[in-house]
Amino acid sequence: MGDVLDGRESGHTTPTRPTGGRRCPIRILIVGGGCAGTAAALGLQHALAARLRTGDAEITVVEPQPYLTYRPLLAEVAAGSIDPRHVVVPLRRLLPQCRVLTARVTRIDHATRTAQVDTATRGGTGTVTELPYDHIVVAPGSVSRTDPVPGLAEHGLGFASVGEAVALRNHVLEQLDLASSTRDPELRQSALTFVFVGGGYAGVGALAELEDMARHAVRGYHNLTADDLRWVLVEATGRILPEEPADLADHTLAELRERSVDVRLGTTLESAADRLMTLSDGSRFAARTLVWTAGARPAPLLRDTDLPLDADGRIRCLPTLQVRGPGGTPLAGAWAAGDSAAVPDATADGAPCAPNAQHALAQARLLADNLLADLDRRAPADYRPDRIHCSTSLGIGRGVAHTRRGRVTGRRAWWLHRARHLRRLPSADRRVRVLTDWLLGALFTREVVSLGAVEHPRAEFESGFPEHR
């Protein structure tokens with residue numbers, strides 16, 4: 001890992017730690033390159049530009065993927081409205097003055113100000129080394145929260161990455177091909193049944209976008225109609241979109257049901273063994289598509305740190321984004337933001353902020369300011385979030401959103417949703433590319449071609465060998 005940690009991987013030379021009378025550089029380690037980690041790195045890179053150039057400061061970002069994934073637009077990637085490459089932003093291009101390591105932090109020992117870094121990003125063990133730091137920003141994000149449901153590991157699909165969004169799109173289109181080709185009525189019905197578990201933004205947005213895409217796609221099949229498709233949304237609580245006002249959630253529920261989506265509230269998935277869906281309300285039916293979007297949990301990395309965690313496994317934080325130390329005092333040099341940080345929400349009687357992209361971005365910007373204030377011996381400010389105005393797309397020309405003036409639905413909400421996320425994309429290059437995708441989509445009919453073969457690129461080559469025939 002020598003070549004990785006000496007800075008050559010990120011395209012520039014890392015300042016050597018000076019000796020003698022010269023002051024040592026401030027070493028800032030950022031764990032995670034998601035929304036919070038990248039936003040914090042951008043703020044620090046801009047504010048410390050002069051010190052980074054002279055070697056008086058160094059910022060290291062450790063992230064298993066060499067890019068930031070802008071997750072709020074994954075539903076449109078799955079629907080084919082946006083090219084998958086346009087919702088990912090290369091970290092090295094975005095953070096040219098930072099040292100970016102494509103690796104995993106596997107342990108944090110804040111008592112000694114060191115982090116253990118492993119170059120193996122997909123499990124296993126690569127080259128492991130220790131990375132010293134003066135300040136650490138912990139923002140590894142979250143991972144899907146799965147339950148021990150029989151059959152879920154074998155048949156379930158996630159929806160948290162670009163790869164999963166593309167795979168889901170290909171899978172749905174392949175099910176239409178299968179249903180059109182088979183003469184088995186049970187297989188046909190199973191292929192045309194799509195189950196989504198989780199009624200938050202990810203689940204509702206993905207289901208609505210894919211339902212809209214599939215409704216368009218069946219026009220090209222001589223023996224399929226939109227009425228043949230069955231979409232089921234399973235939500236354990238009594239409502240969908242829990243972060244939205246009740247009236248907006250009710251409107252979304254009514255629109256989904258108007259589109260013949262079978263929404264099961266207060267219901268859980270008990271089993272998916274052999275692709276037979278068994279729900280807690282007693283219903284049983286076969287489905288070849290099961291998408292799991294039922295919440296998230298903090299990154300497992302946090303269990304391998306000496307930082308204080310709350311009951312949900314998130315890092316205990318002060319309103320200043322500093323990690324909460326013994327007696328409620330700041331833990332010097334330790335900061336956290338995003339999904340893995342339990343940051344008190346002043347607008348919700350001190351309850352932790354909800355783990356969403358809007359809070360992550362706002363927290364990261366303040367964190368960068370507060371870390372700079374700490375370096376300059378100034379008092380940090382508390383996180384006081386503005387009201388989070390959320391939105392989601394429900395397919396081409398349809399959406400729901402809330403603003404300072406109240407609820408917005410339909411095409412206005414759809415335009416507002418797109419405008420909000422276009423503005424939040426942290427790269428001008430990606431903003432232009434996404435906007436171009438949308439403009440081209442308005443001029444031409446949407447693409448409904450499955451490229452499932454790209455998920456197994458060697459399959460055709462291997463079929464030429466006798467042992468694979």
Side-chain angles (χ1 to χ4, degrees), residues 28-40 60-64 103-118 123 128 130-148 160 200 242-243 294-364 366-368 370-371 374 380 382-383 385:
I28 301 172
L29 174 62
I30 299 177
V31 181
C35 284
T38 300
T60 302
V61 179
V62 182
E63 164 60 37
R104 293 182 301 126
V105 172
T106 57
R107 190 171 193 84
I108 297 173
D109 185 357
H110 191 65
T112 61
R113 304 286 178 104
T114 58
Q116 192 175 83
V117 178
D118 189 341
V128 180
E130 284 191 344
L131 197 63
Y133 63 82
D134 298 307
H135 289 264
I136 189 168
V137 177
V138 186
S142 58
V143 297
S144 296
R145 186 187 70 233
T146 55
D147 294 336
E243 295 178 10
R297 60 185 176 87
L301 156 69
L302 301 185
R303 297 195 298 264
D304 297 317
T305 74
D306 57 355
L307 301 175
L309 308 180
D310 69 1
D312 295 325
R314 301 165 74 184
I315 299 174
R316 295 182 183 274
C317 291
L318 297 171
T320 56
L321 287 312
Q322 294 166 292
V323 175
R324 184 185 181 95
T329 59
L331 191 61
W335 309 77
D339 293 358
S340 289
V343 180
D345 186 346
T347 66
D349 298 325
C353 295
N356 59 42
Q358 289 85 355
H359 276 303
L361 289 170
Q363 289 170 6
L366 178 64
L367 186 153
N370 281 352
L371 197 157
D374 186 70
D382 287 351
Y383 178 61

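Nearest heavy atoms, Val137 versus Ala40: CG1-CB, 4.5 Å. The two residues Leu318 and Gly328 make their nearest non-hydrogen contact at CD2-O, 3.5 Å. Here the closest non-hydrogen pair linking Pro298 and Val143 is O-CG2, 4.1 Å. Pairing each heavy atom of Asp345 with each of Pro385, the nearest pair is OD1-CG, 3.3 Å. Scanning all heavy atoms of the two residues, the minimum distance from Val105 to Ile108 falls at CG1-CG1, 3.8 Å. Counting all heavy atoms, side chain and backbone alike, Ala346 lies closest to Tyr383 at CB-O, 4.5 Å.
Asp109 CG to Asp306 CG: the interatomic distance, rounded to the nearest 0.5 Å, is 5.0 Å. Residue Leu371 holds its CG atom at 11.0 Å from CG of Leu366, rounded to the nearest 0.5 Å. For the atom pair SG (Cys35) and CD (Gln363), the distance works out to 11.5 Å, reported to the nearest 0.5 Å.
Applying the 6.0 Å contact sphere to CZ of Arg113 captures more than 12 heavy atoms from other residues, nucleotides or ligands.
Ala336 is linked by a side-chain contact (heavy atoms from CB on, under 4.5 Å) to Val138, Ile315, Cys317, Val323, Ala341, counting only residues two or more places apart in sequence or in another chain. For Thr106, the side chain to side chain donor-acceptor pair (under 3.5 Å) criterion is met by Gln116, not counting sequence neighbours. With sequence neighbours excluded, the residues satisfying side chain to side chain donor-acceptor pair (under 3.5 Å) with Ser142 are Asp339. Under the side-chain contact (heavy atoms from CB on, under 4.5 Å) criterion, Asp147 pairs with Val149, Trp292, sequence neighbours left out. Listed by chain and number, the residues in a side chain to side chain donor-acceptor pair (under 3.5 Å) with Asp382 amount to none (sequence neighbours excluded).
Considering only heavy atoms from C-beta on, Trp335 stays 4.5 Å or farther from Ile28 through its side chain. No side-chain heavy atom of Val62 sits under 4.5 Å from any side-chain heavy atom of Val31. With a 4.5 Å cut-off on side-chain heavy atoms, Glu63 and Thr38 do not count as touching. Leu331 is listed as a side-chain neighbour of His110, based on a closest heavy-atom distance under 4.5 Å.
Judged as a side-chain hydrogen bond (donor to acceptor under 3.5 Å, both in side chains), the pairs with a partner in residues 309-331 (not counting sequence neighbours) are, in order, Thr320-Gln322.
A side-chain donor-acceptor contact under 3.5 Å links Arg145 to the backbone of Ala294. Looking only at distances, no side-chain donor or acceptor of Ser340 sits under 3.5 Å from a matching main-chain atom of Ala139. In this structure a side-chain-to-backbone donor-acceptor pair under 3.5 Å is missing from Thr114 to Pro132.
With Pro344 as the partner, the side-chain contact (heavy atoms from CB on, under 4.5 Å) test is satisfied by one option alone out of Pro352, Cys353, Pro319: Pro319.
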